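Structure first, then comments.
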Number of protein chains: 2
Amino acid sequence: MKRTIYHIATELGLSPGTISKVINKTGNVSEETRKRVLDYIKEVGYVPATSARMLKSKRSYTIGVVFSEDLKIGLEHSFFASILQNFKSYVEKEGYELSFIVTQLGEHKMSYYEWCMNKKVDGVFIVVGEANDDGIIELANKNIPCVSTDIVIPGITSVISDNEDGIIQSLDYLFKDRSLSDVAIITGPLKSRSFYIRYQTYMNYLKTNKLPIKKSYIVEAESFGFTSGVNAANKLIEENPVLPKAILVGSDDIALGVLKSLKEHQIKVPDDIEIIGFDDIPFAKHFTPSLTTVKQDKVMIGETAAKALINMIEHSNQKQEILIKVPVSLILRESTK
Amino acid sequence: MKRTIYHIATELGLSPGTISKVINKTGNVSEETRKRVLDYIKEVGYVPATSARMLKSKRSYTIGVVFSEDLKIGLEHSFFASILQNFKSYVEKEGYELSFIVTQLGEHKMSYYEWCMNKKVDGVFIVVGEANDDGIIELANKNIPCVSTDIVIPGITSVISDNEDGIIQSLDYLFKDRSLSDVAIITGPLKSRSFYIRYQTYMNYLKTNKLPIKKSYIVEAESFGFTSGVNAANKLIEENPVLPKAILVGSDDIALGVLKSLKEHQIKVPDDIEIIGFDDIPFAKHFTPSLTTVKQDKVMIGETAAKALINMIEHSNQKQEILIKVPVSLILRESTK
DNA sequence: CTGTTAGCGCATTCAC
DNA sequence: GTGAATGCGCTAACAG
């Protein structure tokens, strides 16, 4: 049977207000009746109707997810999907649920922020989106708890892998442990922030360590995928009669393409050249040769973001621009010696 | 500024009821005022507060998504993620949004169905779940529009790839076009319905075509991934001094593992043995050798499911047990000749 | 400590 | 064709 607080109030000989109080842990209720109500509620399986509660209390225990499709990065993208999955698991344990933010409600087009107001979401998690997207900037400027990953947005908390450290670990390994001399880089599109940071770190590393910088050893892939890796490697090979001893690659997807190109050119990995990727996608360890790479901790990213957001929702509500860096680790496999 | 129908009513010199009528296309409103209201609404960007609307109208324009985590198939699983993505794109165009169904709301544990009632979702899309899960069975038995994919549940509409046809196409190719004699099968865990159907179809094909069935040519992988493919292939090789001419593999993930094992055993693909997978995962075309496989149309599955569900929601509301099969196609690549 | 009451913003009668 | 009244189920403020 469908019940309201009124039903359970009369059934218990109490008033609706009291029921509401015990449910919301607010106001004074004697321990005795509190327990009585709680027991009864559990017994009959009563749950407050979310819509009515939302109407009054102006919140929804729901977190909006920005997963823009404009970038044609959908849920198919395992990296983001995985972060979202881990985020989801965590917030659900805390009693929140997820709802995808859309920019259209029925007929009406609306901004992310309008949608949030309309749905009364408690906070938003920006998984995929562009830092200069108007909708996202509006969100950042309004007073609604926000956490992002991957992209960094002025004014809001971001949880992101320690890209710098990943590159430094890789480079230390190549230059120091392996004592190599020349390390090239094949980066992903530099308009993407993460790729840019990785590239920057590489450049800085060479500079601060007074290592030679060779322009032809720097190639920017035209896109994110395997094929662009193949193309980038082809270009590198073409332009360099003498190849570097190692290549740092901006992402595993691209790196696997690089490996493919190398194989087609009969260049042996890791004997002729060593390769290090970034991400540790599931397939990295299955490829032949398996790929040495910087592992991003998707579980920790998702959970850290979840914790940060819930904390903002339940406590401060204070928005602050923090960059939370999640540690990465270099996984050594066959593509390096 | 935040508005309610009352605001816009007074601003227009009308009454709230009238506004409501034009928004909901109900009752009689003169064409003139209708237009006036519509225009004004658009101008000021008014959108009815969902919570209030839900409270009254008992619906939410939201579709619940069952994406059980019990099977440890999360959003990371690209096949399901992709279907969900395509489903999402479609329903959003139609003005619906997605919300993940959870079984816990705050403190209270609840069933899928209770959650649906509470959230007043208009329908549910079962992406990942077990056919014999109590929660799912309850959903199927209640009067709420439901569509599933991958799993088939008594009483509800399911959208699923034409597994039979995929296997028949593969087998026809191998036996008829290529005139091979022996084709083995490495199937995924048979407790999974899709794998079971594929396996069944293989057996039936051999039987009806009076082809010899060799027990050692039938291997069930212990799990879904790459590694289980390696193991299964190892087992097949071990048990068969004389290898089959081709292997049908239950999924691409497994097939790539099989290719790896073959490579390690110095068995040439496709010269010594030909391989056909199932799914057409993104990586299938990048592997060396690239994998011939049966492509599942994730776009069509997602969209077909969306259409079916929206149709149920907006029209019949009649639940019916239908199995909608989505065509598959054999993609020829290097792993076959 | 508990009960009463007034909305939250909208949709739906039922009058007009 | 339009407006006023009522209630959806709940919370919060206030009385008692």
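Please read all numbers here as calculations on a predicted model, not as lab measurements. To find a chain, count down the sequence lines: A is the first, B the second, and so on, and within it residues start at 1.
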Whole angstrom value for the distance that separates [atom2] of [N] from [atom1] of [X]:
X	N	atom1	atom2	result
A:R36	C:dC1	CZ	P	15 Å
A:H7	D:dC8	NE2	C1'	12 Å
A:L55	D:dG9	CG	P	12 Å
B:E32	D:dT2	CD	P	8 Å
A:I19	C:dC1	CD1	P	16 Å
B:K119	D:dC10	NZ	P	14 Å
A:K21	D:dA15	NZ	P	14 Å
B:I23	C:dG9	CD1	P	14 Å

Within the structure shown, what part of the strands sits under 4.0 Å from [X] by heavy-atom distance: base, sugar-phosphate, or nothing?
X	value
B:T4	sugar-phosphate
B:S20	base
B:T33	sugar-phosphate
B:L14	sugar-phosphate

Ring centroid separation A:F100 to B:F100 under 6.0 Å
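So the answer is yes for these two rings.
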Taking only side-chain nitrogens and oxygens of [X], does any of them come within less than 4.0 Å of OP1 or OP2 of [N]?
X	N	result
A:R53	D:dT11	yes
A:S57	D:dT11	no
A:S15	C:dT4	no
B:S30	D:dT2	yes

Taking for each residue the nucleotide of DNA chain C bearing the nearest heavy atom, is the 5' side occupied by B:A52 or by B:G17?
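Result: B:A52.
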With rounding to the nearest 0.5 Å, note down the distance linking CD1 in A:I101 to CG in A:N118.
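Reported to 0.5 Å precision, the distance equals 11.5 Å.
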Could you grab the distance from atom NZ of A:K120 to atom CH2 of A:W115, nearest 0.5 Å is fine?
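Reported value, rounded in 0.5 Å steps: 12.0 Å.
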5'-most contact on DNA chain D: A:I5 or B:Y6, nearest heavy atom basis?
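Mapping each residue to its closest nucleotide by heavy atoms, the 5'-most match is B:Y6.
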Tell me whether the rings of B:H77 and B:F79 are parallel (<30°), tilted (30 to 60°) or perpendicular (>60°).
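Perpendicular.
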Should the side chain of A:K58 and the base of C:dG9 be counted as holding a donor-acceptor pair, with the cut-off at 3.5 Å?
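Side chain to base: no pair below 3.5 Å.
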When only distance counts, do a donor and an acceptor, one from the side chain of A:K56 and one from the base of C:dG7, lie under 3.5 Å apart?
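Check passes, donor-acceptor contact within cut-off.
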Do NZ/NE/NH1/NH2 and the carboxylate oxygens of [X] and [Y] come within less than 4.0 Å?
X	Y	value
B:E32	B:R36	no
B:E11	B:R3	yes
A:E31	A:K35	no

Flag this pair as yes if the NZ/CZ of B:R59 is under 6.0 angstrom from the six-membered ring centre of B:Y61 and inside a 45 degree cone about the axis; otherwise no.
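Because its charged atom sits under 6.0 Å from the ring centre and within 45° of the axis, B:R59 does stack over B:Y61.
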To 10°, what angle do the rotation axes through the five end pairs on each side of the helix from C:dC1-D:dG16 to C:dC16-D:dG1 form?
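Both end axes considered, the difference amounts to 40°.
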